[in-house]
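Read the structure below first, then the notes.
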Amino acid sequence: MRAVPALLLRNVSLWTPVDEGSARAGRAQGELFHARRGALFCRDGVISAAGEEADVVRALGGRRGGGSAAVEELDCGGRCLIPGFVDPHTHLCFAGSREAEFLQRLQGAEYLQILERGGGILSTVRAVRAASIEELYTQTRERALTCLRHGTTRMEIKSGYGLDTRTELKQLEVIRKIGAETPLAVSATFLGAHAVPEEYRGDAEGYVELLVTEMIPAVRSSGLAVFCDVFCEAGVFTVEQSRRILAAGAAAGMAAKLHADEVHDTGGARLAAELGAVSADHLRAAAEENLRALAAAGVVGVVLPATTYSLRKTHAPARRMVELGLPVAIATDCNPGSSFTQSMPFVLGLAVLELGLSPAEALTAATLNAAYAMGAAERGGSLTAGKDADFILLDGETPGCLAYKAGVPPISGVYRRGIRVAGGEVRG
Ligand code: NIG
Ligand code: FE
C-alpha cells in the first residue's frame, strides 16, 4: 500500500480508549482519553504521537511538521478524531442472498427452524460452493469496501459457508486476498463448524471426525487462518463436539473463538471460559455465572446487537456484563441471514440506544475491546504511539454523534495507515 511519509492532524477533538495492556472492563470501559485541542502525528503509517496539540507539536521539536518538507499538515476544524473501528466478528465472505428468508422471518419463521429445513446457513453454503473464486472475491470485496466507508479499518472474517475442505479453503483464500488487496487489515477465522452440511445430515459425529482429521489439518497446512470458531448451539454442535473441534484447532495453532449461547444456554460461554478463548460471541442466553467465568478467564464478550435487532429478539445483557467486569466488544456479525449490515456506526448506535452502554463504553467496545477480541491490539484499537495510524474524523461534538445522527454516519474521513481511504474532503 502507498504510504505518505508523514501527516500532522491539528485542531482535533481527540477521543480514544487508553491501552494499558488488556481489554477495558467495568468502569474503565467508559473512560476515554480526551484532548479538547488535540493533534496526531504519524509517519510511515504508524502513530508517532497523539494527544494535546501543544504536546504533540513539542514532541516534534516545536516545529509543526517536524521540520521536514515531506509532512502534510491538516487543520481539522475541531472535528472529532477517534480510532478506526475494529469489527471482530463478520461472515463477510459469502455469495447469494437470503432476502426471501428475511421476508419469511417477518411472517414468523424462526431462524433455527429455517436452518433445520435445509435453508439458512445451508442455503448460503450452496451459493458459495457454486460460486467461482473470482465471483466470491468480487462480492466480498464490494462489501469490505462498504465496511471501510463506514469507518472499519480492521476486521475479522470467518469462513463457514463451504463446509467441505475445498470450499472452506476457497473462502480462506478470498479472505486472505481481501487483506492483501484492500486497505483493510484482515484476520481470518476457520468456521468449518458453522453447521452440519447436507451430506452429513443426521451424522454430526461423522462431520466432526472430518473436521478434526481432514479439514483442520488442511487449514493448518494452508496457513490461512489464525482462529478456529464453532457455532455451539442446540441442534448445531454440542459442547462436547465444540470442545473436540477447538482442541484440534488449538493443536493446529488456531486460538479459539465461539458462537456461544446465542439462542439457547447450552454451556458455550462456560466452554469459552474453560478454554480461555479469545472471545465468546453472542451470549444472549448465557447464564450470569458463566459471564462471571468469562470475566475471570480474561475472555472478551462480543455482543452483536444488529443480529438481535434483525432477529427481533431481546439483546444480550451488555450493561450487566460491564457491571460484572466482563470487557464488552461489539461487532456487525455481517452475514446474509441474521444481520446484513457492514455499518459499525449502526451497531454503535444500537449499543447506546438499545443495550444501554454510554457512548464512551460503546466506542471502547467498537475499537480497543474489539481489537482484543481478535488478538490485534498490538496494531489497532486506540490512538497510541506505535500502533497503525488508523482513524476516523467525525462531524460532531463528541463520539456520541455516532448514536445521535442515526442512519447517516457523520464520518468525514477514514484513514488507514495514515492514508485517507474513504470520506469527503476535509476542510479547515
Ligand atoms: O453469527 N449464528 C450463526 N452464525 C451467524 C449467522 C450466519 C448465517 O445465518 O448465515 C451468526 O449470526
Ligand atoms: Fe456469527
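Each ligand, and each atom within it, is numbered from 1 in the order the structure gives.
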Does any N or O in the side chain of T146 come within less than 3.5 Å of the main-chain N or O of E142, such that one atom is a donor and the other an acceptor?
yes

Top protein contact for [atom], by heavy-atom distance:
| atom | answer |
| --- | --- |
| atom 5 (C) of ligand 1 | H91 NE2, 3.5 Å |
| atom 10 (O) of ligand 1 | Y161 OH, 2.6 Å |
| atom 2 (N) of ligand 1 | E262 OE1, 2.7 Å |
| atom 11 (C) of ligand 1 | D333 OD2, 3.1 Å |

Ligand 1 atoms nearer than 4.0 angstrom to some heavy atom of I121 are 7 (C), 8 (C), 9 (O), 10 (O)

Give the atom numbers and elements of ligand 1 that come within less than 4.0 Å of a heavy atom of H89.
1 (O)

Are the side chains of [Y] and [X] in contact, using a 4.5 Å heavy-atom criterion?
| X | Y | value |
| --- | --- | --- |
| T384 | F33 | no |
| Q171 | L136 | yes |
| V196 | F237 | yes |
| L224 | V219 | no |
| T16 | I82 | no |

R416 and its side-chain hydrogen bond (donor to acceptor under 3.5 Å, both in side chains) partner, picked from D388, T152, T153:
D388

So, are R129 and D164 salt-bridged, with charged N and O less than 4.0 Å apart?
yes

Residue H89, metal the Fe ion (ligand 2), N/O/S under 2.8 Å
yes

Can you tell me if, anywhere in D333, an N/O/S atom lies at a distance from the Fe ion (ligand 2) that is smaller than 2.8 Å?
yes

Say whether S338, considering both its backbone and side-chain N or O atoms, lies within less than 3.5 Å of an N or O atom on ligand 1.
yes

Is there a polar contact, in the sense of an N or O pair closer than 3.5 Å, between T307 and ligand 1?
no

According to the side-chain hydrogen bond (donor to acceptor under 3.5 Å, both in side chains) rule, which pairs have a member within residues 227-236, sequence neighbours left out?
K158-D229, D229-H259, E233-H264

Using heavy atoms and a threshold below 4.0 Å, how should the contact between Y111 and ligand 1 be classified: side chain, backbone, both, or neither?
side chain

Below a 4.0 angstrom heavy-atom separation, can you tell me which part of H194, side chain or backbone, both or neither, approaches ligand 1?
side chain

Does E233 have a heavy atom less than 4.0 Å from any atom of ligand 1?
no

